Amino acid sequence: MAEEAKRTIGYLCPSCRQAVIAERTVFSLAAGPSTIPCPCGKSELKIDVLGNYVELTVPCMFCEKAHTASCSMESFLGEKTLAFSCHASGLACCYIGEEGQVFAAMRRLEEATDKLKPSDKREGQFMDEIIMQEVLSEIRDIAQRGGVSCACGSRSWRLRLNYSSVDLTCADCGATLRIPAATADDLEDICCKHELLIRREEG
């Protein structure tokens, strides 16, 4: 008998700042609305399956509000890792996917948020100035080699700086690639890349 498909889901509790990671089967998700509460009892992630797409309500540690995100059921069940981000900080607030991928992503998110202090939530600052400058330098080098393009075929793009990430947006179709820029791992990741492909994502 084939093992039932499962998804691992993780987020950071805005109250106790701990990682909350849980596994849900496809059957349990399809059976009705599901919640993943933090053991502290002060936050929970909600999952609703609505026809052929999934809607999530995710607590956000950075802005202390709940974000609503959605994706197709196909992506929810098939992608190795899905990330949903806080627009204010650029930080991911939820990961969904294979167990190993989600645990690794949550570890990196915890490393990034360990740098957060209440005074850091001022506009115009970066989570880590040095990492941000190094990531921007790597993006510039890749761009100078002609390595930035969009899946739509365009090579025209705009750059936007966030608190802990950089967005590359296609000037033609509007698709956006978010590049994390908060930790040493983020810098190591982009140092290994020779090309950056912008593509439209669901959600």
Side-chain angles (χ1 to χ4, degrees), residues 7 9-11 50-58 60 62-63 65 67-98 101-102 104-106 108-109 111-113 123-203:
R7 292 275 86 181
I9 303 157
Y11 72 97
L50 306 169
N52 62 355
Y53 73 97
V54 180
E55 184 175 275
L56 299 100
T57 304
V58 186
C60 178
F62 182 84
C63 66
K65 297 178 182 178
H67 297 297
T68 300
S70 63
C71 66
S72 70
M73 179 62 82
E74 182 181 3
S75 294
F76 186 85
L77 299 179
E79 295 289 339
K80 287 187 176 182
T81 315
L82 285 173
F84 297 104
S85 301
C86 166
H87 293 296
S89 67
L91 285 172
C93 56
C94 173
Y95 288 104
I96 299 162
E98 297 176 356
Q101 300 277 347
V102 170
M106 289 299 297
R108 292 177 57 174
L109 181 59
E111 288 177 4
T113 54
E123 191 174 340
Q125 289 186 327
F126 301 126
M127 180 174 286
D128 189 310
E129 297 276 350
I130 294 174
I131 295 292
M132 176 62 77
Q133 293 304 321
E134 292 293 332
V135 168
L136 287 172
S137 177
E138 291 295 328
I139 293 172
R140 183 177 64 247
D141 290 346
I142 294 170
Q144 287 175 346
R145 297 193 300 267
V148 181
S149 63
C150 180
C152 76
S154 173
R155 289 189 174 273
S156 179
W157 49 277
R158 298 183 299 271
L159 182 146
R160 174 185 170 186
L161 302 183
N162 304 307
Y163 180 69
S164 61
S165 63
V166 179
D167 287 346
L168 303 183
T169 300
C170 175
D172 293 331
C173 75
T176 297
L177 171 66
R178 174 157 288 176
I179 301 170
T183 68
D185 282 343
D186 295 337
L187 178 57
E188 184 178 342
D189 277 354
I190 195 167
C191 284
C192 297
K193 296 183 185 301
H194 300 289
E195 296 180 347
L196 295 171
L197 179 65
I198 303 168
R199 67 178 71 198
R200 191 174 296 280
E201 295 184 359
E202 298 177 271

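From a predicted model like this one, the values you see are computed outputs, not experimental measurements.
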Which heavy atom in [X] sits nearest to a heavy atom in [Y], and how many Å separate them?
{"X": "Gly97", "Y": "Val102", "answer": "N-CG2, 3.4 Å"}
{"X": "Ala92", "Y": "Ala83", "answer": "CB-CB, 4.5 Å"}
{"X": "Leu56", "Y": "Cys94", "answer": "CD2-SG, 4.4 Å"}

With a 4.5 Å limit on heavy-atom distance, are the side chains of [X] and [Y] in contact?
{"X": "His67", "Y": "Phe84", "answer": "no"}
{"X": "Thr81", "Y": "Tyr95", "answer": "yes"}
{"X": "Arg7", "Y": "Leu77", "answer": "yes"}
{"X": "Cys173", "Y": "Cys150", "answer": "yes"}
{"X": "Thr183", "Y": "Ile131", "answer": "no"}

[X]: which residues meet the side chain to side chain donor-acceptor pair (under 3.5 Å) condition with it, sequence neighbours left out?
{"X": "Thr169", "answer": "Thr176"}
{"X": "Arg155", "answer": "none"}
{"X": "Thr57", "answer": "none"}

Sequence neighbours left out, what passes side-chain contact (heavy atoms from CB on, under 4.5 Å) with [X]? Give chain and number order.
{"X": "Glu74", "result": "Ser72"}
{"X": "Gln144", "result": "Arg140, Asp141"}
{"X": "Leu161", "result": "Phe126, Met132, Leu136, Leu159, Val166"}
{"X": "Ala104", "result": "none"}

Quick one: pull up [atom1] in [X] and [atom2] in [Y] and give me the separation to the nearest 0.5 Å.
{"X": "Leu168", "Y": "Arg158", "atom1": "CG", "atom2": "CZ", "result": "11.0 Å"}
{"X": "Cys71", "Y": "Glu79", "atom1": "SG", "atom2": "CD", "result": "8.5 Å"}
{"X": "Ile179", "Y": "Ser165", "atom1": "CD1", "atom2": "OG", "result": "9.0 Å"}
{"X": "Tyr11", "Y": "Cys60", "atom1": "OH", "atom2": "SG", "result": "12.5 Å"}
{"X": "Gln101", "Y": "Leu82", "atom1": "CD", "atom2": "CG", "result": "11.0 Å"}
{"X": "Leu177", "Y": "Trp157", "atom1": "CG", "atom2": "CH2", "result": "10.5 Å"}

What donor-acceptor contacts under 3.5 angstrom involve side-chain atoms of residues 190-197, with partners at least two apart or in another chain?
none

Asp128 (side chain) donor-acceptor with Ile130 (main chain) under 3.5 angstrom = yes
Sorted by chain and number, sequence neighbours left out, salt bridge (Lys or Arg N to Asp or Glu O under 4.0 Å) with Asp185 holds for Arg107
Apply salt bridge (Lys or Arg N to Asp or Glu O under 4.0 Å) to Arg178 and list each qualifying residue two or more places apart in sequence or on a separate chain.
-> Asp167
Working for side chain to side chain contact (heavy atoms under 4.5 Å, CB included), residues Val148 and Ile198 | CA-CA 8 Å; Val148 181; Ile198 303 168; 4.3 Å; yes
